[in-house]
Student: 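Could you have a look at this structure, given as structure tokens, before my questions?
Chain letters run A, B, ... following the sequence lines, proteins first, then strands; residues in each count from 1.
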There are 2 protein chains.
Amino acid sequence: MAANILIVEDEESILELIAINLHQSGFNPVRALSAEYAEKIISNTLPDLIILDWMLPGIDGIEFARRLKTNKETKSIPIIMLTAKSQEDNKVMGLEAGADDYMTKPFSPRELVARVKAVLRRKAPDLVNEPIESGHLFLDPSQHLLQSNKKTVTIGPTEFRLLHFLMKNPNIIFNRNQILDRVWGNKSEIDDRTVDVHIKRLRDCLKGTNDHNKIETVRGMGYRFNEN
Amino acid sequence: MAANILIVEDEESILELIAINLHQSGFNPVRALSAEYAEKIISNTLPDLIILDWMLPGIDGIEFARRLKTNKETKSIPIIMLTAKSQEDNKVMGLEAGADDYMTKPFSPRELVARVKAVLRRKAPDLVNEPIESGHLFLDPSQHLLQSNKKTVTIGPTEFRLLHFLMKNPNIIFNRNQILDRVWGNKSEIDDRTVDVHIKRLRDCLKGTNDHNKIETVRGMGYRFNEN
DNA sequence: TATGATATGTCATATAAATGTCATAATTTA
DNA sequence: TAAATTATGACATTTATATGACATATCATA
């Protein structure tokens, strides 16, 4: 799922430029020309990250950041603050107000996108979907790619999600209901035992690789991905 | 990521004409009706190239170019200068002021786009639509030419753009909406499923060549061009 | 500007893949 | 060995994709 990024910037053409570049990088930009309007948007849906201009008409960026950070709902949303060079001294103030990163104008959109990714990687790794490696296994969620010893392994969607989940949480035992919740999502009128079947299918995918015995059955408890 | 191109031109209809043509060629145009406004934009975000009209109200093009070239942040941004025929003598002055290329009005949008590409090719080769080769396939966007094993392949416009996009981004999965956004442009009242049909048509074009199976369906995710 | 030729988007239907369930076999544990 | 638990193969159902046909739109050219 693409990350929703709220951009708060009063200069319309700049707002648009940032939005287009983020969009082209696979994010989902949401535009706000003022803090007031941004607040309205946030009260409907919480963005995954906010790009916030320092200077805004009405409520300014720093004030808006403070508000966000005092609100329980919004305080964990990462903020990237934009500021003009002349206000660079205010950097400390910005970071104190809760900004996670800080960019001095003028910047290239390319650089901004890079920072957005960096912040998301730190704050919400789930949204960035980084590849995972473990032993000979390499799994890239965004490309639906699984390799064992550099060789691509054919694997279906559910088995892929299942393996992804287990690899993200190595050496931890999950019972069937936990697995259903976290891999299938909450549409769980699904039978416990279905997990068994998919574990079997997953093992079949891994058969013939060096990692065929990574998924262990823990009798009476559930399943576990063994990192070693 | 597409190149961001700032157009500074006080004649609104010309500005719009240029912007539309650049957009259709895959660039991100940013509009400014005056040097003053352009400065404001630049003070926020750095474009990859600037198209600059010679005659502007207030700060004129030549003066603006000089300013850009004396500023450390902006001096490496390429500039294409636009001038009326009567001012053609000023060409030397323009180039001295730091322009990388020079166009005399009236010009055809096609020519302008060609110049933009030429300048970018020199200054930022990544941002231009060069011919692409992959396996036996050779695709030249500027000529709408597709060859497999040196033999020309008949291919329609949409299929061509689609293949171009996929070849530019090999081994990466795109879902239908991403493909619609990036191949069709933002006129997306178009049905998801239309992508399927064009993928089919594209595959039909490639049928009989050595590259007939390059386009892979990744069930539940989208499509991907396999480089190998 | 009219006309044939292309190109495009949508739909209905055909195929193919994935999913969940169940019955039964195999295993483990007490 | 019996009871409990897990593994496995088969199957019906659901879901996703491929394909052919058609109506409309666009383009080039007489």
Student: Which sits closer to the 5' end of DNA chain C, B:Glu159 or A:Pro157, going by the nucleotide each is nearest to?
Tutor: B:Glu159

Student: Contact list please: residues 203-213 of chain B against DNA chain C, heavy atoms, distance less than 4.0 Å, in numerical order.
Tutor: none

Student: Can you tell me if the side-chain N/O atoms of B:Thr158 get under 4.0 Å from OP1 or OP2 in C:dT8?
Tutor: yes

Student: Partners of B:Phe160 by ring pair (Phe, Tyr, Trp, His ring centres under 6.0 Å), sequence neighbours excluded?
Tutor: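 If we apply the ring pair (Phe, Tyr, Trp, His ring centres under 6.0 Å) test to B:Phe160, skipping adjacent residues, the hits are B:His144.
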
Student: State which residues pass side chain to side chain donor-acceptor pair (under 3.5 Å) with B:Ser134; sequence neighbours excluded, sorted by chain then number.
Tutor: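 Scan of B:Ser134 (side chain to side chain donor-acceptor pair (under 3.5 Å), adjacent residues dropped) gives none.
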
Student: Show me, pair by pair, the donor-acceptor contacts under 3.5 angstrom made by side chains of residues 10-19 of chain B, not counting sequence neighbours?
Tutor:
from    : atom 1 : to      : atom 2 : distance (Å)
B:Glu16 : OE1    : B:Arg31 : NE     : 2.9
B:Glu16 : OE2    : B:Arg31 : NH2    : 3.0

Student: Take A:Gly220 and B:Met221, find for each the nucleotide of DNA chain D with the closest heavy atom, and name the residue whose nucleotide sits nearer the 5' end.
Tutor: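 Result: A:Gly220.
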
Student: Given side chain to side chain contact (heavy atoms under 4.5 Å, CB included), test A:His136 with A:Thr209 step by step and report yes or no.
Tutor: CA-CA 9 Å; A:His136 308 279; A:Thr209 75; over 6 Å; no

Student: One character per nucleotide, please: for nucleotides 21-30 of chain C, 5' to 3', B when the base has a protein heavy atom closer than 4.0 Å, S when only the sugar-phosphate does, - otherwise.
Tutor: BB----BBS-

Student: Quick check: closest heavy atoms across A:Asn177 and A:Asn175, and the distance to 0.1 Å?
Tutor: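 Answer, listing the atom of A:Asn177 first, then A:Asn175: N-OD1, 3.0 Å.
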
Student: To the nearest Å, give me how far apart CZ (B:Arg161) and P (C:dA7) are.
Tutor: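 Distance, rounded to whole Å: 12 Å.
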
Student: The criterion is ring pair (Phe, Tyr, Trp, His ring centres under 6.0 Å); which residues satisfy it with B:Phe138, sequence neighbours excluded?
Tutor: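 Partners of B:Phe138 under the ring pair (Phe, Tyr, Trp, His ring centres under 6.0 Å) test: none.
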
Student: Residues two or more places apart in sequence or in another chain: which of them pass side-chain contact (heavy atoms from CB on, under 4.5 Å) with A:Val183?
Tutor: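 By the side-chain contact (heavy atoms from CB on, under 4.5 Å) rule, A:Val183 matches A:Arg161, A:Leu162, A:Phe165, A:Ile179.
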
Student: Run the side chain to side chain donor-acceptor pair (under 3.5 Å) test against A:Lys40 and tell me which residues pass, sequence neighbours left out.
Tutor: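 Residues passing side chain to side chain donor-acceptor pair (under 3.5 Å) with A:Lys40: none at all.
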
Student: Enumerate the salt bridge (Lys or Arg N to Asp or Glu O under 4.0 Å) contacts for residues 218-228 of chain A, please, sequence neighbours excluded, ordered by first and then second residue.
Tutor: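 As it turns out, the salt bridge (Lys or Arg N to Asp or Glu O under 4.0 Å) pairs with a partner in residues 218-228 of chain A, which skip direct neighbours, are A:Glu216-A:Arg224.
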
Student: How close or far is atom P of C:dA17 from atom CD of B:Glu216, stated in whole angstroms?
Tutor: 12 Å

Student: Looking at A:Ile7, A:Asp100, A:Val116, which hits side-chain contact (heavy atoms from CB on, under 4.5 Å) with A:Ile80?
Tutor: A:Val116

Student: When B:Val8 is tested against each of B:Leu82, B:Asp53, B:Ile50 for side-chain contact (heavy atoms from CB on, under 4.5 Å), which residue passes?
Tutor: B:Ile50

Student: Would you call A:Lys200 and A:Asp196 a salt bridge, using N to O less than 4.0 angstrom?
Tutor: no

Student: Please report the end-to-end axis angle for the helix from C:dT1-D:dA30 to C:dA30-D:dT1, five pairs per end, rounded to 10 degrees.
Tutor: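 The value is 30°.
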
Student: Would you indicate, yes or no, if C:dT8 has its OP1 or OP2 atom less than 4.0 angstrom from a side-chain nitrogen or oxygen of B:Trp184?
Tutor: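 Looking at the OP1 and OP2 atoms of C:dT8, neither is under 4.0 Å from any side-chain N or O of B:Trp184.
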
Student: Looking at every strand, decide which applies to A:Phe160 at a 4.0 Å heavy-atom threshold: base, sugar-phosphate, or nothing.
Tutor: nothing

Student: Below 4.0 Å from chain A heavy atoms, what is the first contacting nucleotide of DNA chain D and what is the last?
Tutor: D:dA4 to D:dA10

Student: Taking CG from A:Leu162 and C1' from C:dT19, how many angstroms apart are they, rounded to a whole number?
Tutor: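 Computing the A:Leu162:CG to C:dT19:C1' distance gives 13 Å.
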
Student: Go through the structure and list residues passing side chain to side chain donor-acceptor pair (under 3.5 Å) with A:His198, not counting sequence neighbours.
Tutor: A:Glu159

